[in-house]
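First comes the structure, then the notes that go with it.
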Amino acid sequence: MTLKKLVVGNWKMNGHKSDLPELRAISDVASQQNNADVAICVPATLIEPAVNAVSSMAIGAQDCHANENGAHTGCLSAAMIAECDAQYIIVGHSERREDQGESNVDVKAKAIAAMGANMHAILCVGESEAQRDSGNAVTIVVEQLLESLPDIRNDFDGTNLSIAYEPIWAIGTGRIPSLDDVAEMHLAIRHALVEYYGDAGHNIHILYGGSMNGSNAHDLMKIANVDGGLVGGASLSAEKFAPVIAAA
Ligand code: PGA
């Protein structure tokens with residue numbers, strides 16, 4: 001089964017109101033093709049201005065708290081993010097797993113919160129360089145995935161959850177795994193999803209992330225079970241992002 005490609009930009013801690021014209025330019029690129037859904041996950045301060053500035057792509061957030069409200073200074077609930085008309089929330093990015101010490105249990109709760117607020121959760125998994133070198137990357141990532149997956153199965157059709165496979169050592173480094181290694185990992189993730197969710201597992205997009213750019217996107221997107229990309233650095237300008245969107 002071939003899913004419509006999904007290309008998501010992750011702006012991380014980049015972007016000010018002065019960058020809204022760039023978002024508009026990316027939205028214009030997205031409007032020119034129908035073969036992929038495009039979204040940009042911006043810093044929380046930009047969600048509402050971005051939603052108001054663009055018309056041809058979705059806007060998302062980069063994190064949410066698992067609880068609906070309460071004494072959590074500095075945090076945002078999924079419902080608060082939904083109120084700004086965001087449609088996606090990234091959960092479990094390796095930078096948050098490392099910087100904020102988020103565990104698989106935390107990530108699972110955040111994914112459930114995001115989906116419960118009627119948003120699409122993009123759940124990130126990926127191995128470190130040492131884990132890749134150990135030869136056990138597939139086993140390790142599938143284990144991380146199974147511990148992070150939302151355990152909701154009733155009425156779940158897979159359309160509001162995506163998995164982003166992001167080898168940590170490939171993020172922001174310009175290095176990517178071999179295409180065979182990407183194919184092997186994405187197939188293992190697909191098998192795990194189908195085993196866990198049944199047929200709904202076929203509807204879940206599996207995105208590749210980590211130094212995806214205009215030069216490698218075409219080859220990566222052709223791989224079976226690579227249903228799109230999660231793109232950091234190359235999503236920051238329309239000029240760099242356009243070839244990635246075109247490759248989809
Ligand atoms: P990168 O980041 O494309 O800059 O490697 C991807 C990500 O961290 O989501």
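Computed from heavy atoms alone, side chains included, the values below leave out hydrogens, waters and symmetry copies.
Annotation: side chain of M119 is not in contact with side chain of M115 (no heavy-atom distance under 4.5 Å). In this structure, the side chains of H16 and D19 come closer than 4.5 Å at one or more pairs of heavy atoms.
Within 6.0 Å of the NZ atom in K4, the count of heavy atoms belonging to other residues, nucleotides or ligands exceeds 12. Open room surrounds CD on E195; 12 or fewer heavy atoms of other groups in view lie less than 6.0 Å from it. The local environment of CG in D199 is sparse, with at most 12 non-hydrogen atoms from other residues, nucleotides or ligands closer than 6.0 Å.
The hydrophobic cluster containing L220 also contains I204, counting ILVMFWY residues as joined when their side-chain heavy atoms lie under 4.5 angstrom apart, directly or transitively. I89 and I112 sit in two unconnected hydrophobic clusters of ILVMFWY residues. Membership requires side-chain heavy atoms under 4.5 Å apart, directly or through other members. Note: the hydrophobic cluster containing I223 also contains M185 (ILVMFWY, side chain heavy atoms under 4.5 Å, direct or indirect links).
For the residue pair S178/D180, the side-chain donor-acceptor check at 3.5 Å is not satisfied.
Ring geometry for H186 versus Y165: interplanar angle over 60°, hence perpendicular rather than tilted (30 to 60°).
Under the 4.0 Å criterion applied to side-chain N and carboxylate O atoms, K240 and E22 are not assigned as salt-bridge partners. In summary, K5 and D37 do not engage in a salt bridge, as defined by a charged side-chain N under 4.0 Å from a carboxylate O.
Through side-chain heavy atoms spaced under 4.5 Å, either directly or across other Ile, Leu, Val, Met, Phe, Trp or Tyr residues, V194 is tied to no other residue. Grouping Ile, Leu, Val, Met, Phe, Trp and Tyr by side-chain contacts under 4.5 Å, direct or through others, leaves W169 on its own.
Y88 OH to I40 CD1: the interatomic distance, rounded to the nearest 0.5 Å, is 11.5 Å.
Looking at H65, its side chain does come within 3.5 Å of a backbone N or O of N67 through a donor-acceptor pair.
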